[in-house]
There are 2 protein chains.
Amino acid sequence: MTSPKPTGTGKAKARLSRDIVLAKALEMVDAEGLEALTMRRLGQELGRDPMSLYRYAENRAALLDGVSELVLDQLTIQQDDPDWKAQLRAIAHNLRTLALQHPNVVPLLVTRPLSTPLGLRPLGTLRPLEKILSLLVSAGFDPSDALHVYRVYYGFLYGHILNELQEFVVDPEENEVLLRLGLHRLPAKEFPNLRALAPALADYDGASELDQGLTILLSGLEAQLSRQAAAALG
Amino acid sequence: MTSPKPTGTGKAKARLSRDIVLAKALEMVDAEGLEALTMRRLGQELGRDPMSLYRYAENRAALLDGVSELVLDQLTIQQDDPDWKAQLRAIAHNLRTLALQHPNVVPLLVTRPLSTPLGLRPLGTLRPLEKILSLLVSAGFDPSDALHVYRVYYGFLYGHILNELQEFVVDPEENEVLLRLGLHRLPAKEFPNLRALAPALADYDGASELDQGLTILLSGLEAQLSRQAAAALG
DNA sequence: CAACGCCTGTCTACACTGTAGACTTTACCC
DNA sequence: GGGTAAAGTCTACAGTGTAGACAGGCGTTG
């Protein structure tokens, strides 16, 4: 696609492209968090004037949307998988892994849609929705039920991810100590339960917790599907 | 508590207090969104120098935490309700209502905990967690199960709220039109399902959807509780 | 080959942000 | 009154997003 014929010193001369800009942006967000991603610093990181970035994203918000898309693009969805339950399970674990790999992007994934009407969102962020709908429809749900199923599924999934990330602390060494220390700060008589749970909070197996939830959810959904099939026959 | 003896012109002279500052901050966030809340504008709104705010919040982030607390304080939780399922249901509807009343605060509720270790969060944001744990423990769950139940419950709840808020558009008049228009923008062959669902998307009954989900969830949780009670006896 | 036009990148400038530090004013207590 | 601590203000600084005018190099076309 973009073969800019790297003339000259090679490094500093390569032409920019949207992909290059977004990739670097994601890299910075992963490394230093959302707030560290300023137009000026991104420009500096790319060896370009900050203003050049505006050729590839209308403004900072749009650039952040691009980062969201970049991450969500890595979510592979087999929309014609005949085993829809297995597929939903796989997608969930996929997204969870993505979230753990890019924790600083999660606020973006969760927050940006709140301030953008559905139809105006970046296409990359709508594609998962579309594909899951398609998966569910080919599994036998009628379209409007597919939407309901999608909602409970994605709601559950995002809820889990937020929960897990909240309890996720960066440095696994100091984890337990810091946690206890933090909890120790809490007034003993107002937070007895929370304080007592320190050890339980320390070993949280996100993957298995997600999986258990999925099992319950999916069996519930399957029941709905077969109920619906029965109604269609009767 | 704060009776500052309003001398002089009455309005501009009243002494500030944390509550006054936070209340005004929330008001501004509700009216104009998070980004509109700058220290300077908040100071101006209060008729004070922006710098005076730093007597009541260490910095802007802390001020936003205060706003979160202010909202969550309005969530009433009866931690000794004998009917724990009804209580969880009530809390869920309560929080949903709060979220709809203060949609601009939701990103805060969801995002701030991601960057603050649990033990260091504002107490006001931990109180609901503590109270729900207490509710569950008195309902018969043993503490570590209570934590698991809390996670699935709160995860589901936040997931639902995010979902609902995503599809919530401000102007109810232009809603449908804008929505269709927005969706119409989507490439027809890449988003057939999504486009077809425009009408279904338009009438979304969040409360009943939440309630249905809760019914499923709570019955699942109750099953777990009685299974556990049986195990304890046997 | 030359000239054109477009696209990329740069420069300058502006209005605005959070907040550190020193200062002044106010309120209250003895 | 006098003294003390808090509340509020002023000034200043480093940093932000981005509008608008401009420069350079590329590919296309005559």
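Just so we're on the same page: letters track the sequence lines, and every chain starts at 1.
Rounded to whole Å, atom P of C:dT8 lies 13 Å from atom CG of A:L53. Between the CD atom of B:E35 and the C1' atom of D:dT16 there is a distance of 12 Å, rounded to whole Å. Distance, B:L37 CG to C:dC16 P: 17 Å, rounded to whole Å. In this structure, B:N59 places its CG atom 17 Å from C1' of C:dG21, rounding to the nearest Å. Computed from coordinates, the B:L16 CG to C:dA27 P distance equals 13 Å when rounded to whole Å. Rounded to whole angstrom, the span from the CZ atom of B:R41 across to the C1' atom of C:dC16 amounts to 12 Å. Rounding to whole angstrom units, CZ of residue B:R48 and C1' of C:dT26 are separated by 12 Å. If you take CE of A:M39 and C1' of C:dC16, they are 16 Å apart, rounded to a whole angstrom.
The A:R60 side chain lies nearest to D:dG17 when the options are D:dG20, D:dT9, D:dG17. Closest to the side chain of A:M51, out of D:dT16, C:dT10, C:dG9, is C:dT10. Side chain of B:R15, nearest nucleotide from C:dA27, C:dT8, C:dT19: C:dA27.
Between the side chain of A:T116 and the main chain of A:P113, no donor-acceptor pair closer than 3.5 Å is present. The main-chain N or O of B:N193 is found under 3.5 Å from a side-chain atom of A:E130 such that the two form a donor-acceptor pair. Although no hydrogens or angles enter the test, the distance criterion places a donor-acceptor pair under 3.5 Å between the side chain of B:R185 and the main chain of A:G119. For A:S115 (side chain) and A:R112 (main-chain N/O), a donor-acceptor pair under 3.5 Å exists by modelled atom type.
Note on B:S52: a base of the nucleic acid sits closer than 4.0 angstrom, heavy atoms only.
For a distance-only test at 3.5 Å, the side chain of B:R40 qualifies as a donor-acceptor partner of the base of C:dG18. If you check distances only, the side chain of A:R55 does reach the base of C:dG9 with a donor-acceptor pair under 3.5 Å.
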Walk me through it: do A:Y154 and A:L95 pass the test side chain to side chain contact (heavy atoms under 4.5 Å, CB included)?
CA-CA 10 Å; A:Y154 234 58; A:L95 185 61; 4.0 Å; yes
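Contact annotation: B:Y54 does not reach the phosphate of C:dG21 (side-chain N/O to OP1 or OP2, under 4.0 Å).
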